[in-house]
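Take this structure, written in structure tokens, and hold onto it; I'll ask about it next.
Residue numbers start from 1 in every chain, and the chains themselves are labelled A, B, ... in the order their sequence lines are given, proteins ahead of strands.
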Amino acid sequence: MTDQTLRLLPGSDLDLEMTLHSGQVFHWLRHGNGFLGAIGDHAVYVEQKGENLHASAEQAELVRHYFALDHPMDRILATFPRDETMIQAVQFSKGMRIIRQPNWECLATFITSALKQVQHIRAISLALRQRFGRSVHHGKFEARAYPRAEVLAGANLEALLECKLGFRAKNLLATAKIIASGEIDLEELGKRPTSEVRKTLCRLPGVGEKIANCVLLFAYERLDAFPIDVWIARMLRERYFAKRATVRLGDLQEFAAEYFGPYGGYAQQYLFHHWRLTQQGRRRSSEEPASWKLNPPMAR
DNA sequence: ATCCAGGATAGCG
DNA sequence: CGCTATCATGGA
């Protein structure tokens with residue numbers, strides 16, 4: 001297996017570690033100086049050295065596509081509003097990209113994300129992959145693919161509960177059955193307009209507005225989709241609705257859709273990353289948030 | 001021990 | 001429509 005250097009596009013940049021730990025994907029493992037994981041059914045090792053991203057030669061296009069190295073970051077950042085909160089988030093999250101995830105594993109993973117901390121989502125993803133996913137290889141590297149819908153549809157509830165899914169288990173199982181049956185074709189769905197995709201996704205058990213928007217943003221590349229989770233809601237209320245006493249979720253959605261522009265999803269991801277790391281450190285009594293930034297905690 | 005986590009949903013007025 | 005209780009699990 002040969003090692004190829006992928007040069008980043010001029011004027012753009014990538015922070016691999018930050019991107020992998022920003023709450024989009026939850027399965028990459030530190031390996032040597034890089035990361036080992038699966039992109040769909042491919043075992044992939046990636047390593048960043050300065051401006052360059054290293055990956056196997058025959059996986060160059062796969063890696064380039066997954067990490068969206070073609071996204072025009074300068075143009076995207078130029079569309080963001082110029083308020084203080086946004087500027088700070090962009091500075092803090094410089095180099096982060098919205099990854100292009102496979103449909104099913106994105107949908108399934110975010111169903112398991114409901115009311116869970118990032119580390120727990122990670123533990124669940126790894127447990128599901130270990131128990132139900134097939135082993136994939138590339139050269140000396142081995143990884144676990146995300147289990148296909150057909151496999152999870154055939155799993156029993158108890159086995160899923162052993163993977164610590166809690167009340168999410170029945171939702172994942174029910175949705176897996178619908179996808180496996182072909183009643184909803186995730187690939188075909190991607191050709192439909194955003195509002196229709198969102199509406200269809202929300203019909204699935206365990207999928208509401210927030211998770212549907214995550215799938216739109218992280219899998220269907222609708223870069224305007226703006227998921228509002230507890231962190232984003234808190235941030236919006238504090239920074240953009242400080243005067244108002246009562247702010248409904250609908251108010252936040254309406255505001256975000258027009259204020260953050262055509263790449264609102266990107267803005268959201270930068271805001272989420274910045275807010276989560278800084279506020280999490282602030283609420284913690286003992287340790288300093290600076291160490292989190294350099295070495296975010298990862299479940300084994 | 002108590003509270004919270006990249007929520008969804010049924011049940012209520 | 002808007003509000004609330006509830007759903008498992010683990011970490012802080």
Integer angstrom distance from the C1' of B/dA5 to that of C/dC7 | 14 Å
Counterpart base for C/dC1, defined by Watson-Crick or G-U wobble contacts under 3.5 Å | B/dG13
Classify the nucleic acid contact of A/Lys164 as base, sugar-phosphate or nothing, counting any heavy atom under 4.0 Å across all strands shown.
-> sugar-phosphate
Is there a side-chain contact between A/Leu160 and A/Leu152, using heavy atoms and a 4.5 Å cut-off?
-> yes
Does the pair A/Asp251/A/Arg244 count as a salt bridge with the N-to-O cut at 4.0 Å?
-> yes
Quick one: label A/Ser22 by what it contacts on the DNA or RNA (base, sugar-phosphate, nothing), any heavy atom closer than 4.0 Å.
-> base
Please give, in whole Å, the distance from C/dG2 P to A/Glu209 CD?
-> 13 Å
Interatomic distance at P, B/dG6 relative to C/dG2, whole Å = 26 Å
Rounded distance (Å) that lies between atom P of C/dT9 and atom CD of A/Gln119 = 18 Å
Just call it for A/Gly208: base, sugar-phosphate, or nothing, with non-hydrogen atoms closer than 4.0 Å on any strand.
-> sugar-phosphate
Salt bridge A/Arg131-A/Glu162, side-chain N to carboxylate O under 4.0 Å | yes
If you take all heavy atoms of A/Arg129 and A/Glu105, which pair is closest and at what distance?
-> NH2-OE2, 3.3 Å
Distance, rounded to the nearest Å, where A/Phe26 contributes CZ and B/dG6 contributes P = 9 Å
Output yes when A/Arg100 and A/Glu221 qualify as a salt bridge under the 4.0 Å nitrogen-oxygen rule, no when they do not.
-> yes
To the nearest Å, how far apart are A/Leu173 CG and C/dC7 C1'?
-> 16 Å
Residue mapping more 5' on DNA chain B - nearest nucleotide basis, A/Pro227 or A/Val207 | A/Pro227
Take atom NE2 of A/His274 and atom P of B/dG6, then tell me their distance rounded to the nearest Å.
-> 17 Å
Sugar-phosphate only, base, or nothing, as touched by A/Ile211 at under 4.0 Å among non-hydrogen atoms = sugar-phosphate
Mind calculating the distance between CD (A/Glu162) and P (C/dA8) to the nearest angstrom?
-> 16 Å
What integer distance in Å separates A/Lys170:NZ from C/dA8:P?
-> 6 Å
Base, sugar-phosphate alone, or nothing: which one does A/Arg248 contact when heavy atoms must sit under 4.0 Å apart?
-> sugar-phosphate
Ignoring backbone atoms, establish whether A/Arg234 has a side-chain N or O less than 4.0 Å from OP1 or OP2 of B/dA5.
-> yes
Just wondering, do A/Phe272 and B/dG6 stack (centres under 5.5 Å, planes under 30°)?
-> yes
For A/Ile124, which contact category applies under a 4.0 Å heavy-atom criterion: base, sugar-phosphate, or nothing?
-> nothing
